[in-house]
Number of protein chains: 2
Amino acid sequence: MSDPVRDHVVAVADELFYTHGVHVVTMRRVRDTARVPLKRLYEIFPSKDVLLAACLTRRDLTARAAIRQRIDAIEDPVAKALGPFDFLDDWFRQPGFHGCVFAGAFGEAGAAAPIVVTAVRTHKQALRELLTELVAKTGIRDVDAVGAQLAVLFDGAMAIATFTGDTDAALHARRAAQALLDTAA
Amino acid sequence: MSDPVRDHVVAVADELFYTHGVHVVTMRRVRDTARVPLKRLYEIFPSKDVLLAACLTRRDLTARAAIRQRIDAIEDPVAKALGPFDFLDDWFRQPGFHGCVFAGAFGEAGAAAPIVVTAVRTHKQALRELLTELVAKTGIRDVDAVGAQLAVLFDGAMAIATFTGDTDAALHARRAAQALLDTAA
DNA sequence: TAATGGCGAGAACCGCGGTTCTCAAGGCGG
DNA sequence: CCGCCTTGAGAACCGCGGTTCTCGCCATTA
């Protein structure tokens, strides 16, 4: 099942899509960077959309793993639930930050590529579940409601950082999340 | 300065871009729908990007006007500050809701069209100022901080509704905003 | 050694869509 | 009436990029 060539291509394409944007990265460029002939590329991925979806799936996994790693050592449940926002803050301030790939991919592919839409939805859904899980550990009432609210803050910070480049967005979101967790306790 | 043909084209193109997406609406389609020859189209707008930016500017104005109209009759300052989220809720539940054009336009044009990026930023900035202005009228401390937090919630709800189709996003955002305004009072 | 079959490299195909050009119809001044 | 300029309708141009095809190389094998 695990094809090393496939994994390599997905890793390379994911990096390219994230760094330069889905639109400007052509299949030829993926070929050149991954050193894999177009022929084999199309044997593995029937179309660019399928390749993109594979990249988004990969990024969903790596992003969530990175968040979990970031909050792993935190003991206090409230601080742990706020950890994802610290993760965002770190991310936004990284020199190579170029916004959320999922937003870009969605905007470009639109309704024309259901497979991409599905990948985006899965990612957002998984993030919301992750946040809800963290809320549950704080012993707060209305776990689902507060989880959904944190998800709104999380995506809002990402949208603002992506669209306006405002690197303080994560801080605003974190402060709001803190207030919500405090009052809901 | 006010060219009726130009206004007509912008109105038509704006509607098309919003309904079908920037990507799939071609200049030919704008021509056919607006009944304006390509030649004149390109005399008014040197490129599609410029036309798109004009549409985004128009939508920024109409959207903010609609929000102001929605909250105009509300007297209580806190309820008034929550009004924009009710506006979002109404919008999300409209049959023709297709997400935020600005997100789609940004994703597609990307860094390749600075004029589009500028229009998106201006819009987001204006929304944040509108929310901050409403917060100021509640007499709350930390006007700027809470205004920024409401902006995060607003954009977050829009991102979630756009990407996942979850029409309850505005409700989550509204509840969170209410909690923030209550605790900051 | 010679047939063969997979494979890499890159050309070629093809439709699309932004942009520009052609041309004819019609109004208007002389 | 005649030339001229504007303007509309649509064809044509052009590059781009996803996708497919060609061809020659090399390894394997009888």
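Below, chain A is the first sequence line, B the second, and so on; all start at residue 1.
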If Ile, Leu, Val, Met, Phe, Trp and Tyr residues are connected whenever their side-chain heavy atoms lie under 4.5 Å apart, and connections chain through other members, are B:Val50 and B:Leu61 in the same group? no
Expressed as a whole number of angstroms, how long is the span from B:Leu52:CG to C:dT19:C1'? 17 Å
Could you check how far CZ of A:Arg40 sits from P of D:dG18, rounded to whole Å? 21 Å
Quickly work out the A:Leu51 CG to D:dG17 C1' distance and round it to whole Å. 14 Å
Counting side-chain heavy atoms from CB outward, which of D:dT20, C:dT19, D:dG10 is closest to A:Leu38? D:dT20
Within the supplied structure, the quantity of interest is the number of heavy atoms (other residues, nucleotides, ligands) at a distance under 6.0 Å from A:His23 NE2; does it exceed 12? no
Could you check which of C:dG18, C:dA9, D:dG18 has an atom nearest any side-chain atom of A:Arg28? D:dG18
Given C:dT22, D:dT19, C:dG8, identify the nucleotide with an atom nearest to the side chain of A:Pro37. C:dG8
Specify the separation, in whole Å, of atom CZ of A:Phe45 and atom P of D:dG18. 15 Å
With no hydrogens and no angle check, just 3.5 Å: does a side-chain donor-acceptor pair link A:Arg29 and A:His20? yes
Quick one: do A:Asp155 and A:Arg128 make a salt bridge, cutoff under 4.0 Å? no
Of the listed nucleotides (D:dT19, C:dC21, C:dT19), which one gets closest to any side-chain atom of B:Ser47? C:dT19
Among C:dC21, D:dT19, C:dG18, find the nucleotide with the atom closest to the side chain of B:Lys39. C:dC21
Report the distance from atom CG of A:Leu41 to atom C1' of D:dG17, rounded to the nearest whole Å. 14 Å
For A:Met27 and D:dT20, what is the distance between atoms CE and P respectively, to the nearest whole Å? 10 Å
Answer yes or no: is there an ion pair linking A:Asp86 with A:Arg174, defined by an N-O contact shorter than 4.0 Å? yes
Does D:dG18 have its OP1 or OP2 closer than 4.0 Å to a side-chain nitrogen or oxygen of A:Lys48? yes
Would you mind reading off the distance between A:Tyr42 atom OH and C:dA12 atom P, rounded to a whole angstrom? 18 Å
To the nearest Å, how far apart are B:Asp49 CG and C:dG17 P? 16 Å
Nearest-nucleotide 5' precedence on DNA chain C, B:Thr26 against A:Glu43: A:Glu43
